[in-house]
Amino acid sequence: MTGMTDLPLPHLFKVRVYYEDTDLAGIVYHTNYLKFMERARTESLRSQGIDQTGLEQQDCFLAVRSMDVQFLASARIDDLLDVTTLPVSTTGARGVLDQRVVKDGQELCTAMVTVVCVNGAGRPIRMPADVRAMFNT
């Protein structure tokens with residue numbers, strides 16, 4: 001259609017809740033949502049042909065600088081969750097991602113995640129072109 005822009009689609013990563021992810025009541029322990037999001041960020045990069053080993057060879061590491069997390073509802077053992085990752089913005093060394101953990105259309109946890117590219121000494125460096133391109137899609 002004329003005049004319509006294509007909105008980027010988020011990367012989708014599916015994760016099953018296992019016993020080890022839950023507390024005694026069978027509810028996902030809150031820090032495990034962050035682990036699910038970490039895996040989803042890694043797989044989002046991988047889907048663009050970018051892997052951690054390749055970044056390491058460039059002396060580039062993506063580190064979480066900040067997260068604004070909202071815990072909205074609980075997941076339980078055996079639930080199948082969708083974790084989406086959508087790049088929001090980027091600057092030279094920093095990128096922002098919108099991540100959501102969803103079950104059957106209901107948002108359980110959301111986060112705005114800021115990552116920075118650092119070298120092995122922990123100093124900020126400019127993102128490699130392929131990583132910056134992923135954030136700009």
Side-chain angles (χ1 to χ4, degrees):
M1 300 182 115
T2 306
M4 294 190 70
T5 59
D6 291 328
L7 296 175
L9 294 174
H11 177 265
L12 174 64
F13 175 72
K14 292 192 174 284
V15 63
R16 174 81 59 192
V17 175
Y18 295 108
Y19 182 77
E20 67 185 20
D21 300 318
T22 64
D23 60 17
L24 289 174
I27 297 170
V28 171
Y29 186 66
H30 72 282
T31 58
N32 287 324
Y33 291 102
L34 306 184
K35 291 179 182 182
F36 300 157
M37 289 179 183
E38 173 70 27
R39 293 177 201 160
R41 286 193 303 277
T42 298
E43 293 304 322
S44 178
L45 286 168
R46 190 181 308 277
S47 75
Q48 300 294 314
I50 304 164
D51 61 52
Q52 303 292 347
T53 304
L55 289 175
E56 182 179 345
Q57 290 170 349
Q58 299 177 61
D59 195 31
C60 172
F61 303 88
L62 293 176
V64 173
R65 182 179 185 282
S66 66
M67 294 181 88
D68 180 12
V69 183
Q70 305 298 314
F71 298 100
L72 306 170
S74 299
R76 295 184 171 274
I77 194 163
D78 287 330
D79 285 348
L80 183 60
L81 308 177
D82 293 332
V83 185
T84 60
T85 303
L86 181 66
V88 175
S89 65
T90 186
T91 61
R94 179 178 15 189
V96 178
L97 300 158
D98 180 348
Q99 291 197 277
R100 297 171 187 274
V101 180
V102 178
K103 179 188 169 237
D104 298 329
Q106 179 186 14
E107 288 186 345
L108 306 179
C109 182
T110 63
M112 291 301 284
V113 183
T114 301
V115 296
V116 293
C117 190
V118 298
N119 62 19
R123 302 234 186 259
I125 60 171
R126 188 164 185 77
M127 280 188 185
D130 54 350
V131 177
R132 208 169 36 255
M134 188 227 34
F135 276 96
N136 291 324
T137 57

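The chain is numbered in sequence order, starting from 1.
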At what distance, to the nearest 0.5 angstrom, does [atom1] of [X] lie from [atom2] of [Y]?
X	Y	atom1	atom2	answer
Phe13	Thr84	CZ	OG1	12.5 Å
Leu108	Arg100	CG	CZ	12.0 Å
Ile50	Thr42	CD1	OG1	11.5 Å
Ile77	Glu20	CD1	CD	9.5 Å
Tyr33	Gln99	OH	CD	14.5 Å

Does [X] use its side chain to pair, donor to acceptor, with the backbone of [Y] at less than 3.5 Å?
X	Y	value
Arg76	Ile27	no
Asp23	Ala25	yes
Arg65	Thr114	no
Thr91	Gly95	no

Which heavy-atom pair separates [X] from [Y] by the least distance, and what is that distance?
X	Y	answer
Val113	Met67	CG2-CE, 3.7 Å
Ser44	Ser47	O-OG, 2.7 Å
Pro87	Thr85	CD-O, 4.1 Å
Leu97	Val88	C-CG2, 4.1 Å
Arg94	Thr90	O-OG1, 3.0 Å
Asn119	Phe61	C-CD1, 3.9 Å

(Q) salt bridge (charged side-chain N to carboxylate O under 4.0 Å, His left out), that's the test. Do Arg41 and Glu38 meet it? Break it down for me. (A) CA-CA 5 Å; Arg41 286 193 303 277; Glu38 173 70 27; 2.5 Å; yes

Q: Go through the steps to decide whether Val118 and Arg123 satisfy the test side chain to side chain contact (heavy atoms under 4.5 Å, CB included), and finish with yes or no.
A: CA-CA 5 Å; Val118 298; Arg123 302 234 186 259; 6.0 Å; no

Q) Between Leu81 and Val102, is there a shared hydrophobic cluster once you connect ILVMFWY residues whose side-chain heavy atoms come closer than 4.5 Å? A)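 Leu81 does not cluster with Val102.
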
Q: Decide whether Val64 and Val69 are clustered together by the hydrophobic rule: side chain heavy atoms of Ile, Leu, Val, Met, Phe, Trp, Tyr closer than 4.5 Å, transitively.
A: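 Yes, Val64 and Val69 fall within the same hydrophobic cluster.
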
Q: For the pair Asp59 and Ile125, evaluate side chain to side chain contact (heavy atoms under 4.5 Å, CB included) and give the outcome as yes or no after the intermediate values.
A: CA-CA 9 Å; Asp59 195 31; Ile125 60 171; 5.7 Å; no

Q | Intermediate values then yes/no, side chain to side chain contact (heavy atoms under 4.5 Å, CB included), His11 and Gln48 | A | CA-CA 10 Å; His11 177 265; Gln48 300 294 314; over 6 Å; no

**Q.** Stepwise side chain to side chain contact (heavy atoms under 4.5 Å, CB included) test for Arg39 and Val15
**A.** CA-CA 9 Å; Arg39 293 177 201 160; Val15 63; 4.0 Å; yes

Q: State whether Asp82 and Lys103 are salt-bridged, where the test is any N-O pair (Lys NZ or Arg NE/NH1/NH2 against Asp/Glu carboxylate O) under 4.0 Å.
A: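 Not counted as a salt bridge, because no side-chain N and carboxylate O are separated by less than 4.0 Å.
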
Q: Run the salt-bridge test on Glu43 and Arg46 with the 4.0 Å N-O cut-off and return the result as yes or no.
A: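 A salt bridge is present here (some side-chain N lies under 4.0 Å from a carboxylate O).
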
Q | More than 12 heavy atoms of other groups within 6.0 Å of Phe71 CZ | A |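 It does: Phe71 CZ has more than 12 such atoms within range.
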
